[in-house]
Protein chains: 2
Amino acid sequence: MDEGEFVENFNRAIAGSETIVFSSLCSINYSGRAESRLEEGDRIIIIKSDKTLLVHQPTGSNPINYMKEGSQHALEQNNGFLVLKSRNPGAKEYLDICIKQIHFLRALSLSDSKKLQLAGSERDMADMLYNSPELVEPGFKPLSREEHTKYGFIDLFGYDKNSCLVVVECKRYAGDMKAVSQLARYVKRIKRARGLTRVRGILACPRISPAAAHMLADHGFKFIRVNPPKYLERDSLMQKNLDEWNK
Amino acid sequence: MDEGEFVENFNRAIAGSETIVFSSLCSINYSGRAESRLEEGDRIIIIKSDKTLLVHQPTGSNPINYMKEGSQHALEQNNGFLVLKSRNPGAKEYLDICIKQIHFLRALSLSDSKKLQLAGSERDMADMLYNSPELVEPGFKPLSREEHTKYGFIDLFGYDKNSCLVVVECKRYAGDMKAVSQLARYVKRIKRARGLTRVRGILACPRISPAAAHMLADHGFKFIRVNPPKYLERDSLMQKNLDEWNK
DNA sequence: GGGGAGAGATGCCGC
DNA sequence: GCGGCATTTCTCCCC
């Protein structure tokens, strides 16, 4: 692709707030929250309509460099090279892409207002336990879920069969020491806030690492095995297919 | 773009392990670690040479859907629609993209072996404090950094001027309650492992949130204000430019 | 806007 | 492979 044509198409797309996709041989410098340099290689670069910039290498899920929403992007000539300068003055972030060779460019006007519907989050787990308290333990009486108070953001809160306060922390993944630390922090806060000497802690997750189990026992807390509920509305068009897959 | 042409180019690119970029109007279902549905909209889809798949909406930095490295991708006809079926049997993950309209497709053979050089990480902070212990406090004597032992992964470890053990936890961002929890966990472990009643804790970060400062004081720990060192090699070609930016 | 916490987190390193 | 932990984390939610 001709460089003049590239510049022209790029500038027209930026002016029109279109989404730009291009690929080029380039080297990249970043300065902002940290500093980085990436030597020459072939990458795919996307500038979205909200001015987010992403640089992707040919492997891996994460962008190797990026600039956040609301950045400014301009092509400049610098020492005989075409340089894409991206700036975010508010965040004091600066990215320079030195373009050595252009593979292609495409500008698009994309229309998409849809949001992702997701099932199987930690919140869904807390909801499930709130609605089916016997999954926590016999006699468990839920008080609240997702409590965002000054005491903390506790997933599930209730009384056990002996009317002792219980803090339940849900994790959709394997429980680790970080999760136990978090539970311990909540229990401590509740004890202090309510002037109680005994508050129980329960960690609810699909499984728990040995070190975390040890630490949990150390605090006198309990592990219960719970899997996050993973189903969208039953009448979803694809449900039959999903059921097939999950066999 | 013609659908037959799209299918042909897609299949040729997959067979040749090329990187594919295309845009289309589509709806998406995912089932795996969770379940999700995304209604019809215009998106950009990338399949990398390692078979990572990314779906991007016209705004935001994160992909709205994705499949990890090593997935399998195939186009199929389904109820009169073209469906891109991505499968990762090992991870039991399944993604279906129902393609309603094709905006463009591009297949590329990209060559990129370069890795990002980064300065300003938490590890760089620990290195700096190890090499300049007076930044921690007068008389601080570093013992080790990034100690990966059974006691935990402690950023920086040493003695203070009174020969009392000190655990230093570095954070490149504002210290929060999670960071204090982490430090408390390390101090507790070191106390137990060495049979000590007094081990000091220091949190080193650019700033600290009020709640975290309160919690830190509660534990008898100390906050020191440290910024992560942000400079690559001084002889970097772009250094002059970076210096310009940072003025 | 800042703080607190989740994420289909991902990526890195060490055992 | 799992475990522990950082991330230019990003994103959401609530104050």
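Keep in mind that the numbers below use all heavy atoms, side chains included, and drop hydrogens, waters and symmetry copies. The sequence lines fix the lettering, A, B, ..., with proteins before strands; numbering per chain opens at 1.
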Nearest-angstrom distance from the residue atom CG of B/N62 to P of D/dT8: 13 Å
Any B/S61 side-chain nitrogen or oxygen under 4.0 Å from OP1 or OP2 of D/dT11: yes
Sugar-phosphate only, base, or nothing, as touched by B/L116 at under 4.0 Å among non-hydrogen atoms: base
Sugar-phosphate only, base, or nothing, as touched by A/A211 at under 4.0 Å among non-hydrogen atoms: sugar-phosphate
Shortest non-hydrogen separation from B/R43 to B/E40 and the atoms involved: NH2-C, 3.7 Å
Distance below 4.0 Å between A/Y186 side-chain N/O and C/dA5 OP1 or OP2: yes
Within residues 47-59 of chain B, residues whose heavy atoms come under 4.0 Å of DNA chain D: none
Touch class at under 4.0 angstrom, heavy-atom based, for A/Y173 against every strand present: nothing
Distance, P atom - from D/dT8 to D/dG4, rounded to whole angstrom: 22 Å
Sugar-phosphate only, base, or nothing, as touched by A/M177 at under 4.0 Å among non-hydrogen atoms: sugar-phosphate
Closest-nucleotide 5' rank along DNA chain D - winner of B/R123 and A/E69: B/R123
Closest non-hydrogen atom pair, A/L110 against B/S23: CD2-OG, 3.6 Å
Nearest-Å distance for atom pair CG/P, residues B/N88 and C/dT10: 11 Å
DNA chain C stem ranges, 3 or more consecutive Watson-Crick or G-U pairs under 3.5 angstrom: C:1-7 with D:9-15, C:9-15 with D:1-7
Atom-to-atom span, CZ of A/F153 to C1' of D/dC12 - whole angstrom: 11 Å
Residue whose closest nucleotide on DNA chain D lies nearer the 5' end, B/K171 versus A/P210: A/P210
Under-4.0 Å side-chain N/O to phosphate OP1/OP2 contact, B/R207 with C/dG3: yes
C1' atoms of C/dA9 and C/dA5, separation to the nearest Å: 13 Å
Nearest heavy atoms of A/I97 and A/C26, plus distance in Å: CG2-CB, 3.7 Å
Reference residue B/T52; test side chain to side chain contact (heavy atoms under 4.5 Å, CB included); the match among B/M67, B/E69, B/K68: B/E69
Any B/Q182 side-chain nitrogen or oxygen under 4.0 Å from OP1 or OP2 of D/dA6: yes
Under-4.0 Å side-chain N/O to phosphate OP1/OP2 contact, A/S209 with D/dG4: yes
Below 4.0 Å: OP1/OP2 of C/dT10 and any side-chain N or O of B/R33: yes
Side chain of B/N65 - closest among C/dG8, C/dG6, D/dG3: C/dG8
Nearest-Å distance for atom pair CZ/P, residues A/R185 and C/dG4: 9 Å
Side chain of A/E122 (C-beta onward), nearest among C/dG6, D/dA6, D/dT8: C/dG6
B/M215 CE to C/dG4 P, straight-line distance once rounded to whole Å: 10 Å
Separation of C/dG8 C1' from B/M67 CE (nearest whole Å): 10 Å
Those residues that, when tested against A/H219, pass ring-ring contact (aromatic ring centres under 6.0 Å, His included) (two or more places apart): A/F221
Phosphate OP1/OP2 of D/dG4: any B/R189 side-chain N/O under 4.0 Å: no
Between C/dG4 (C1') and A/E169 (CD): distance, integer Å: 12 Å
